[in-house]
Amino acid sequence: MNKVFQEIVSKLLSASRVLIMTHRRPDGDALGSSFGLREFLRSRNIAADVLVPDPLPRRYSNFCTGYLTCSDAKMIDGYDLFAAVDCANGERLGSGDALTIEMLRKRNFISIDHHKGNSLAAPCEWIEPTACSASFMVAKLLLSTGLEIDSAAATYLMTGIMTDTGSFCFANTDAAAFEIAAKLRERGADIDRIANTVFFSKPINQLRFEAELINNCFKLCCNGRFAYCFVPEELMKKHNFDMREDEGLIDLLRGIEGVVIAMLCHKRVDGFRVSLRSKDQKFPVGPIARELGGGGHDMAAGTTLDLPEFADVEKLMTEKVSALLN
Ligand code: AMP
Ligand code: MN
Ligand code: MN
């Protein structure tokens with residue numbers, strides 16, 4: 001077992017009050033890894049809180065409860081350990097002005113993440129880009145202690161493994177992902193609850209939104225190998241759909257026969273938010289996202305482009321993607 005791994009375990013077990021942080025617009029892995037770690041620490045009688053930087057997607061609102069938001073940041077005093085999970089950089093951490101990344105770096109601050117190019121620069125960090133998820137990494141750490149992991153913690157950690165591996169379908173699902181998942185299942189990870197929370201909970205307004213999105217906004221190019229959609233503001237309004245609920249939305253495009261690369265784009269105040277997915281390891285999208293100021297993994301990545309119109313995004317991205325595919 002390597003030195004950093006041991007160091008993180010001992011920092012966690014010797015802390016008395018831990019603040020766990022994760023990335024903005026949290027997804028299943030962000031929430032699974034942070035709440036899983038919180039439940040484990042609490043079961044050891046170590047006080048632990050999760051700071052969630054943005055509102056939770058609706059599907060997780062009954063699943064992840066009792067967390068702090070940035071407006072509670074005055075409460076940062078009294079924590080003797082800060083832990084970031086699944087978070088690639090200071091901007092994504094979004095911990096607010098009361099707790100900037102510069103301040104954190106001067107504290108007892110650990111980072112556990114699987115994003116290539118992680119730039120948090122925590123004084124103690126374990127970054128493993130080949131790990132399927134941050135939840136997997138946290139589970140591996142906790143299992144290594146030999147201490148009990150209760151079913152609540154196991155359920156959260158399994159959630160992150162399942163969401164980041166597309167329920168064990170994506171290429172990041174290595175043998176170790178199954179091994180750790182098996183151990184979490186043995187400890188009571190509630191698969192039923194996860195499935196009903198994450199996968200079988202689509203509100204009907206979202207289904208109507210998706211139907212219209214595919215009918216009106218869907219484009220295919222590069223001989224059917226690149227599928228993309230721009231999501232217009234009016235359509236979201238019409239169906240009362242918030243992009244905060246977009247986890248899995250891009251899979252509508254990824255799921256199409258013959259499609260190798262999928263892109264979903266919508267406008268935000270800071271520019272056009274672009275999500276990218278690849279279905280073929282020969283054509284990784286991570287490098288494109290990083291080149292354009294974003295980040296992520298080879299097969300799932302994202303960035304924000306400060307361009308005037310979607311037509312500019314479309315031109316840039318079709319150029320990049322067709323160059324990659326050819
Ligand atoms: P998304 O399309 O937003 O679901 O993001 C896909 C993957 O890329 C996720 O694992 C994100 O954590 C990661 N990602 C997206 N945007 C960024 C970014 N600006 N920097 C680093 N990682 C990112
Ligand atoms: Mn994530
Ligand atoms: Mn992740």
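In each ligand, atom 1 is the first atom listed, and ligand 1 is the first ligand listed.
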- Message: Let me check your reading of the structure: within less than 2.8 Å of the Mn ion (ligand 3), is there an N/O/S atom from H114?
- Response: yes
- Message: Strictly under 2.8 Å of the Mn ion (ligand 2): which protein N/O/S atoms qualify?
- Response: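 For the Mn ion (ligand 2), the protein N, O and S atoms that sit under 2.8 Å away are H23 NE2, D27 OD1, D27 OD2, D86 OD2.
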- Over 12 foreign heavy atoms within 6.0 Å of CG, N215: yes
Donor-acceptor pairs under 3.5 angstrom involving side-chain atoms of residues 192-200: please list them, not counting sequence neighbours.
{"residue": "N196", "atom": "ND2", "partner": "D192", "partner atom": "O", "Å": "3.2"}
{"residue": "T197", "atom": "OG1", "partner": "R193", "partner atom": "O", "Å": "2.7"}

- Task: State, to 0.1 Å, how close R38 and A48 come at their nearest heavy-atom pair, and which atoms those are.
- Result: CG-O, 3.6 Å
- Item | Considering all heavy atoms, the nearest S133-D29 contact |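 The answer is CB-OD1, 3.5 Å.
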- By the rule that ILVMFWY residues connect when side-chain heavy atoms come within less than 4.5 angstrom, directly or transitively, which residues belong alongside F272?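 Its cluster mates, by chain and number, are F226, Y228, F230, V260, I261, M263, V274, L276, F283, V285, I288, L292, L305, L307, F310, V313, L316, M317, V321, L324, L325.
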- Item | Ring centre gap for F63 and F35 strictly below 6.0 Å |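 No, the ring centres sit 6.0 Å or more apart.
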- Query: Hey, what do you get for CG (L104) to CE (M21), rounding to the nearest 0.5 Å?
  - Reply: 4.5 Å
- Under 4.0 Å from ligand 1 - residues by heavy atom, chain and number: A88, N89, R92, H115, R273, S275, R277, G294, G295, G296, H297, A300, A301, G302
- Task: Measure the acute angle between the ring planes of F178 and F168, then classify it against the limits of 30° and 60° as parallel, tilted or perpendicular.
- Result: parallel
- Message: I need the single residue from E128, H297, H23, R92 that forms a side-chain hydrogen bond (donor to acceptor under 3.5 Å, both in side chains) with H115. Which is it?
- Response: H297
- Item | Check: H114/N172 side-chain N/O donor and acceptor closer than 3.5 Å | no
